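Below is one structure, written out as structure tokens; the observations come after it.
In this chain, residues are counted from 1 in sequence order. Keep in mind that this is a model prediction, so the values were computed, not measured.
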Amino acid sequence: EALEQVYATIWEFSDAPGLIVDVRPNGGGAEPLAEEVAGCFIDKPAVYAKHAYRDASAPGGFGPLQERLLEPNKLRPKYRGKVAVLTGPANMSSCEAFLLMMKQVPGCKLVGARSYGSSGNPKPIDLGNGVTVYLPSWKALRPDGTCFEGQGIVPDFAVNATPAELETADPVLQAAVLLVGRR
């Protein structure tokens, strides 16, 4: 239901010269849904990330690199203006994948703070003593093959805002407004 509102907004503002997407409070979710939304912003397929699954029998403990491909969403509205995506330290997991997808969008810039750096596709492991731990099942990588676990996704335009500053203004949003408003 929330995604339908996103698509309606993309449709409504499809002719706007700039669009701001605020994902700062997003801690993750379903990567296929993120692909559907990000697919509204591209015309051709693009590799947005890579990963390598854990494989104890493989040299180095990981299997071969696999690419993750963002496809255009032909069933939903398109947007081709400037895009700014607001980022922050709460962004992790599938939201970080969304950030990497949006970095493939022409004219899109990430604005704000570095993401958390935690997208290892966690899997539950029952230790048999009433304790379950969640361990990463893969190494999450940028399109160039470098790992972002523990590092996060760096914004194109860093804007550091303290909680006190955010009580009276939003310098991250203000920077994005200036960015998408430039010709």
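Contact check for Glu71 versus Glu35: no side-chain heavy atoms found under the 4.5 Å cut-off. Two residues are said to be in side-chain contact when any heavy atoms from C-beta on lie closer than 4.5 Å; Pro77 and Tyr7 meet this criterion. Counting only heavy atoms from C-beta outward, the side chains of Thr87 and Leu99 approach each other to under 4.5 Å. Residues Gln151 and Arg142 have side chains in contact (heavy-atom distance under 4.5 Å, counting atoms from C-beta outward). With contacts defined as side-chain heavy-atom distances shorter than 4.5 Å, the pair Asn160/Pro171 does not qualify. You'll find the side chain of Arg54 reaches within 4.5 Å of the side chain of Pro136, heavy atoms only. At least one side-chain heavy atom of Arg80 sits less than 4.5 Å from a side-chain heavy atom of Asp43. The shortest distance between side-chain heavy atoms of Phe41 and Leu19 falls below 4.5 Å.
Leu141 forms part of a hydrophobic cluster together with Leu65, judged by ILVMFWY side-chain heavy-atom separations under 4.5 Å. Members clustered with Leu69: Val47, by chain and number, using a 4.5 Å side-chain heavy-atom cutoff among hydrophobic residues. Under a 4.5 Å side-chain heavy-atom cut-off, the cluster of Ile, Leu, Val, Met, Phe, Trp and Tyr residues that includes Phe62 has no other member. Counting side-chain heavy-atom gaps under 4.5 Å among Ile, Leu, Val, Met, Phe, Trp and Tyr, Val154 is found in no cluster with other residues.
In the model, Tyr53 has no side-chain atom that pairs as donor or acceptor with a side-chain atom of Gln66 under 3.5 Å.
Among residues two or more places apart in sequence or in another chain, the salt bridge (Lys or Arg N to Asp or Glu O under 4.0 Å) test is passed with Lys109 by none. Among residues two or more places apart in sequence or in another chain, the salt bridge (Lys or Arg N to Asp or Glu O under 4.0 Å) test is passed with Glu31 by Arg68.
Under the 4.5 Å side-chain contact rule for hydrophobic residues, Leu33 and Val83 share a cluster. Both Leu135 and Val131 belong to a common hydrophobic cluster when Ile, Leu, Val, Met, Phe, Trp and Tyr are linked at side-chain heavy-atom distances under 4.5 angstrom. Criterion: ILVMFWY side-chain heavy atoms under 4.5 Å apart, direct or through other members. Under it, Val37 and Leu86 are not part of a common hydrophobic cluster. In the hydrophobic clustering of this structure, Tyr48 groups with Val23; members are Ile, Leu, Val, Met, Phe, Trp, Tyr whose side-chain heavy atoms approach within less than 4.5 Å, directly or through other members. When hydrophobic clusters are built by joining Ile, Leu, Val, Met, Phe, Trp and Tyr residues whose side-chain heavy atoms come closer than 4.5 Å, directly or via intermediates, Ile42 is grouped together with Leu3.
Contact record, Ala113 with Pro89: CB-CD, 4.0 Å, taken as the closest heavy-atom pair. The minimum heavy-atom distance between Gly112 and Pro155, with the atom names listed, is O-CG, 3.2 Å. Residues Ala140 and Glu149 approach most closely at CB-OE2, 3.1 Å, considering heavy atoms. Across all non-hydrogen atoms, the minimal contact from Lys139 to Cys147 is CG-SG, 4.0 Å. In terms of heavy-atom proximity, Ser93 sits nearest to Gly27 at CB-O, 4.0 Å. Between Ala30 and Ser94 the shortest heavy-atom distance is C-OG, 3.9 Å.
The main-chain N or O of Leu110 is found under 3.5 Å from a side-chain atom of Asp156 such that the two form a donor-acceptor pair. Distance alone, capped at 3.5 Å, is enough to place a donor-acceptor pair between the Ser115 side chain and the Ile153 backbone. Without hydrogens or angle criteria, Lys50 side chain to Pro143 main chain gives a donor-acceptor distance under 3.5 Å. The backbone N or O of Glu96 lies less than 3.5 Å from no partner atom in the side chain of Asn91, so there is not a single donor-acceptor pair. In this structure, Asn73 contributes its side chain and Glu36 its backbone to a donor-acceptor pair below 3.5 Å. Tyr79 contributes a side-chain N or O that, together with a main-chain N or O of Ala16, makes up a donor-acceptor pair within less than 3.5 Å.
Summarising the geometry, atom CG belonging to Leu173 is positioned 9.5 Å from atom CG belonging to Leu178; distances are rounded to the nearest 0.5 Å. Separation of atoms CZ (Phe98) and CG (Leu70) is listed at 9.5 Å; rounding is to 0.5 Å. For the atom pair CE of Met92 and OH of Tyr116, the computed distance is 5.5 Å after rounding to the nearest 0.5 Å.
Other residues, nucleotides and ligands place no more than 12 heavy atoms under 6.0 Å from the CG atom of Asp15.
The only member of Ile20, Val21, Val105 that meets side chain to side chain contact (heavy atoms under 4.5 Å, CB included) when paired with Val85 is Val21.
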Practice task
Tell me, with the steps shown, if Phe148 and Leu100 meet side chain to side chain contact (heavy atoms under 4.5 Å, CB included).
Solution key: CA-CA 11 Å; Phe148 66 85; Leu100 290 171; 3.6 Å; yes
Exercise for the section: Apply salt bridge (Lys or Arg N to Asp or Glu O under 4.0 Å) to the pair Glu4 and Arg76, showing each step before the final yes or no. Expected result: CA-CA 10 Å; Glu4 290 306 320; Arg76 296 296 186 165; 2.8 Å; yes
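A salt bridge links Arg24 and Asp22; the closest N-O separation between the charged side-chain nitrogens and carboxylate oxygens is under 4.0 Å.
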